[in-house]
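What follows is a set of notes on a single structure, which appears directly below.
Quick caveat, the model's predicted, so the values are computed rather than measured. Residue numbers start from 1 in every chain, and the chains themselves are labelled A, B, ... in the order their sequence lines are given, proteins ahead of strands.
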Amino acid sequence: MSLVVYNTLKRKKEAFVPLVAGKVGMYVCGVTVYDRCHVGHARMMVVFDVIYRWLRQLGFDVNYVRNFTDVDDKIIQRAAERGIAIDALTDEMIAAFYEDIDALACIRPRHEPRATAHMDEMIAMIAKLVAADYAYVGAGGDVLYAVRNFDGYGKLSGKNIDDLESGSRVEVDEGKRDPLDFVLWKMAKAGEPAWDSPWGKGRPGWHIECSAMSCSHLGDSFDIHGGGMDLKFPHHENEIAQAQAANGGGFARYWLHNGFVNINAEKMSKSLGNFFTIREVTEKYHPEVLRMFMLGTHYRSPLDFSDAALDTAKAGLDRLYETKRRIADWQAAGADLPPAFVSAMNDDFNTPEALAELFETVRAINKGIDAGQDVGAAAVQMARMCALLGIVQQDAGLWFQSGDVDGEWVEAKITARNQARADRDFARADAIRDELAGKDIILEDGPSGTTWKKA
RNA sequence: GGCAGGGUAGCCAAGUGGUAAGGCAGGAGUCUGCAAAACUUCCAUUCGCGGGUUCGAUUCCCGCCCCUGCCUCCA
């Protein structure tokens with residue numbers, strides 16, 4: 001049973017075979033740090049976190065690299081609007097980024113390079129491109145990539161240059177030889193951040209940073225390159241053009257792209273303004289609910305965001321936690337994963353199918369506990385599956401009892417009610433239960449006493 | 001216009017050339033003083049529509065309808 005992944009480059013699933021046995025180099029395009037992350041970013045983080053966890057589970061030594069774009073037009077603009085330094089803005093947003101994705105239980109990559117820390121690599125790559133005639137200095141002084149000179153441009157996204165130009169909405173830029181040419185090095189205007197280069201003071205274009213940083217951390221050729229579907233074109237296409245032209249071939253071998261988060265069947269995005277930040281959602285829902293919501297759909301499919309969908313994800317998680325609460329010894333080691341779970345994950349990280357197997361296991365555990373049997377092995381399987389998916393990692397008691405509830409007060413009520421029950425005064429017992437229910441507190445009378453939880 | 005992906009029960013969502021996982025919601029039952037939770041059980045003769053290939057298609061092919069995305073910064 002081995003891993004199969006959908007490779008955008010081939011437009012089909014294929015067996016995953018790393019360049020070097022036992023090792024995987026994986027680069028994922030991160031975020032531009034000018035604002036807080038929204039749910040769309042969260043999906044990308046969670047998707048690749050699950051992929052990372054599964055690759056490690058398979059025994060690979062994964063060198064996971066994810067960048068921060070910390071120099072770009074939007075950052076400059078936002079910093080100016082807020083009247084703060086660029087560094088202050090990017091530092092603030094990187095801190096906010098960690099707050100959000102740590103809450104989502106995403107394991108941090110091994111390397112998280114910042115564009116501003118890799119100027120030398122970018123300049124060196126641009127110099128190679130200029131020397132090899134893949135790049136030129138345009139009329140305005142910017143260094144541009146000559147798309148027509150790169151054979152195979154459009155291969156990743158399935159586009160051909162002539163179609164692009166005929167339907168193009170790109171405004172013909174001053175210094176460009178071809179409307180599709182893109183900027184490698186942008187000359188600085190007064191007051192803009194700038195770095196020295198052979199072409200004058202300026203800053204890198206967006207695309208060059210990922211080519212330069214991925215190659216510098218993972219080598220000219222590496223295994224996996226990932227990101228959101230919207231980066232396929234032109235960003236990833238341009239990355240390929242830059243890296244292969246500069247290095248003479250190679251670059252990423254498997255391209256993985258996650259689908260969007262939609263709202264009312266429409267893409268959630270900054271430009272449409274129909275987005276929710278991760279923080280806005282986690283103020284209302286536990287971050288694990290957001291993660292669970294994302295695992296319920298295959299990573300390449302669109303995912304429709306709504307409160308109803310989050311409520312459903314929460315209900316499913318509650319079921320898992322109910323079972324976790326019944327398991328005396330929660331341990332994620334000591335038993336093999338169910339084969340169905342393994343094959344689901346090996347089939348292009350099919351988390352919905354993996355989740356189905358998790359729920360099957362949960363039913364078996366509950367059934368076993370009800371029958372008074374030992375469910376040790378199944379419990380370990382459940383814990384392992386949950387750990388690999390990054391869910392059900394909270395204490396079960398806290399999961400149900402968190403919030404602004406006075407536990408001692410509830411316990412006192414429970415004691416009073418149980419006394420009433422012992423006295424066969426059910427009217428009084430029910431009155432107490434109703435009083436608690438009015439505060440969204442639900443009681444459960446079990447064989448070993450009464451427990452409570454927040455609705 | 002070009003290219004890509006998709007239309008599966010009330011909702012969400014997998015999947016397969018051989019007769020439809022799982023979750024949520026809902027019905028019935030067991031348990032319970034009654035509930036809750038758990039368990040049992042029921043809930044798509046059917047997978048956008050129309051053709052075709054096949055012993056057999058939801059799954060392959062053709063046509064049509066509808067939806068979304070990319071083609072411009074975007075996870």
- Which string of ( ) [ ] | and . matches RNA chain B, if you list each base 5' to 3' and count Watson-Crick or G-U pairs only when both distances are under 3.5 Å? (((((((..(((.....[...))).(((((.......))))).....(((((..]....))))))))))))....

- Query: Counting any heavy atom closer than 4.0 Å, what does A:Ile442 reach on the DNA or RNA strands: base, sugar-phosphate only, or nothing?
  - Reply: sugar-phosphate

Atom pairs, N/O to N/O, protein against nucleotides 23-33 of chain B, distance under 3.5 Å?
residue, atom, partner, partner atom, Å
B:G23, OP1, A:Arg363, NH2, 3.0
B:G33, O6, A:Arg417, NH2, 3.3
B:G33, O6, A:Arg421, NE, 3.3
B:G33, N1, A:Asp430, OD1, 3.0
B:G33, N2, A:Asp430, OD1, 3.2
B:G33, N2, A:Asp430, OD2, 2.6

- Return no unless some side-chain N or O of A:Lys367 is found under 4.0 Å from OP1 or OP2 of B:U40. yes

- Message: If you apply the rule side-chain contact (heavy atoms from CB on, under 4.5 Å), what do you find for A:Leu436 with A:Leu443, and how did you get there?
- Response: CA-CA 8 Å; A:Leu436 291 171; A:Leu443 300 186; 3.7 Å; yes

- Message: Taking the C1' atom in each of B:C70 and B:A28, what is the distance between them to the nearest angstrom?
- Response: 50 Å

- Query: Nearest to the side chain of A:Phe260, which nucleotide is it out of B:A75, B:G2, B:C73?
  - Reply: B:A75

- Item | Distance in angstrom units between A:Lys324 NZ and B:A38 C1', rounded | 19 Å

- Message: Measuring centre to centre across the rings, with the benzene-like ring taken for any Trp, is A:His118 within less than 6.0 Å of A:His217?
- Response: yes

- In whole angstrom, give me the gap between the P atoms of B:A13 and B:G6. 14 Å

- May I ask you to say what A:Gly40 touches in the nucleic acid, namely base, sugar-phosphate or nothing, with a heavy-atom cut-off under 4.0 Å? base

- Query: Which part of the nucleic acid, if any, lies within reach of A:Met45 when heavy atoms closer than 4.0 Å are counted: base, sugar-phosphate only, or nothing?
  - Reply: nothing

- Item | Validation row, ring centre A:Phe97 to ring centre A:Phe68 under 6.0 Å | yes

- Report yes or no: is the cationic atom of A:Arg319 (NZ for Lys, CZ for Arg) under 6.0 Å from the centre of the six-membered ring of A:Phe359, at an angle within 45° of the ring normal? no

- Would you please confirm or rule out a distance under 4.0 Å between OP1 or OP2 of B:C39 and any side-chain N or O of A:Asn366? yes

- Task: Assess A:Arg108 against A:Tyr98: is NZ or CZ under 6.0 Å from the centre of the six-membered ring, and within 45 degrees of the ring's axis?
- Result: yes

- Message: Heavy atoms only, 4.0 Å cut-off, all strands: where does A:His298 land among base, sugar-phosphate and nothing?
- Response: sugar-phosphate

- What is the distance, rounded to the nearest whole Å, between atom CD of A:Glu266 and atom P of B:C67? 13 Å

- Do you know the tightest heavy-atom contact between A:Phe182 and A:Gln242? CE1-NE2, 3.2 Å

- Touch class at under 4.0 angstrom, heavy-atom based, for A:Thr451 against every strand present: nothing

- Task: Please determine if A:Lys454 forms a cation-pi arrangement with A:Phe400, meaning its NZ or CZ atom is less than 6.0 Å from the six-membered ring centre and no more than 45° off the ring axis.
- Result: no

- Side-chain atoms of A:Phe233 come closest, of B:C70, B:A21, B:A38, to B:C70

- Item | B:U46 versus B:A20 - spacing of their C1' atoms, nearest Å | 8 Å

- Message: Need one value for A:Thr297: base, sugar-phosphate or nothing, where a base atom within 4.0 Å counts as base even if backbone is also close, heavy atoms only.
- Response: sugar-phosphate

- Message: By the 4.0 Å heavy-atom rule, please label A:Glu322 as base, sugar-phosphate, or nothing.
- Response: sugar-phosphate

- Verify side-chain contact (heavy atoms from CB on, under 4.5 Å) between A:Glu322 and A:Lys453, making sure each step is shown before the conclusion. CA-CA 10 Å; A:Glu322 288 284 4; A:Lys453 67 180 183 184; 2.3 Å; yes

- Could you pick out which residue, A:Asp347 or A:His207, lies toward the 5' side of RNA chain B when each is mapped onto its nearest nucleotide? A:Asp347

- Base, sugar-phosphate, or nothing for A:Lys159, non-hydrogen atoms under 4.0 angstrom? base

- Query: A:Ser301 side chain N/O closer than 4.0 Å to the phosphate oxygens (OP1, OP2) of B:A14?
  - Reply: yes

- Atom CG of A:Asn264 to atom P of B:C67: distance rounded to whole Å? 15 Å

- Any A:Asn350 side-chain N or O less than 4.0 Å from OP1/OP2 of B:G15: yes

- Query: So, for A:His236 and A:His257, is the gap between ring centers shorter than 6.0 Å?
  - Reply: yes

- Message: Does A:Val47 reach a base, just sugar-phosphate, or nothing at all? Heavy atoms under 4.0 Å.
- Response: nothing

- Intermediate values then yes/no, side-chain contact (heavy atoms from CB on, under 4.5 Å), A:Asn7 and A:Lys10: CA-CA 5 Å; A:Asn7 187 354; A:Lys10 306 280 178 58; 3.8 Å; yes

- Task: Record whether the side chain of A:Lys232 comes under 3.5 Å of the base of B:C70 through a donor-acceptor pair of N or O atoms.
- Result: no

- Item | Nearest-angstrom distance from the residue atom CG of A:Asp370 to P of B:U40 | 9 Å

- Query: Between atom NE2 in A:His236 and atom P in B:C73, what is the gap in whole Å?
  - Reply: 14 Å

- Task: Please work out if A:Ala309 contacts a base, only the sugar-phosphate, or nothing of the nucleic acid, heavy-atom cut-off 4.0 Å.
- Result: nothing

- Message: Between B:C42 and B:C47, how far apart are the two P atoms, rounded to whole Å?
- Response: 22 Å

- Task: Just say parallel, tilted or perpendicular for the rings of A:Trp255 and A:Phe251, cut-offs at 30° and 60°.
- Result: tilted

- Given the P atoms of B:G22 and B:C39, what is the spacing between them in whole Å? 13 Å

- Note on the structure: Here the distance between atom C1' of B:C3 and atom CD1 of A:Ile161, to the nearest Å, is 15 Å

- Message: Using the P atom as the point on both nucleotides, what is the distance between B:C12 and B:G29, in whole Å?
- Response: 30 Å

- Query: Does NZ or CZ of A:Lys270 lie under 6.0 Å from the centre of the six-membered ring of A:Tyr34, at an angle within 45° of the ring axis?
  - Reply: yes

- Query: Which sits closer to the 5' end of RNA chain B, A:Ala265 or A:Arg11, going by the nucleotide each is nearest to?
  - Reply: A:Arg11

- Message: By the 4.0 Å heavy-atom rule, please label A:Gly30 as base, sugar-phosphate, or nothing.
- Response: sugar-phosphate

- How far, in whole Å, is B:U53 from B:G15 if one measures between their C1' atoms? 23 Å

- Message: If I take atom CD in residue A:Glu239 and atom P in nucleotide B:A75, what distance separates them, rounded to the nearest angstrom?
- Response: 13 Å

- Query: Could you state the CG-P distance from A:Leu156 to B:A4, rounded to the nearest angstrom?
  - Reply: 13 Å

- Item | B:U54 and B:C61, which share atom name C1', separated by this distance in whole Å | 12 Å

- Taking the six-membered ring of A:Phe260 (Phe, Tyr or Trp), confirm whether the NZ or CZ of A:Lys267 is under 6.0 Å from its centre and within 45° of its axis. yes

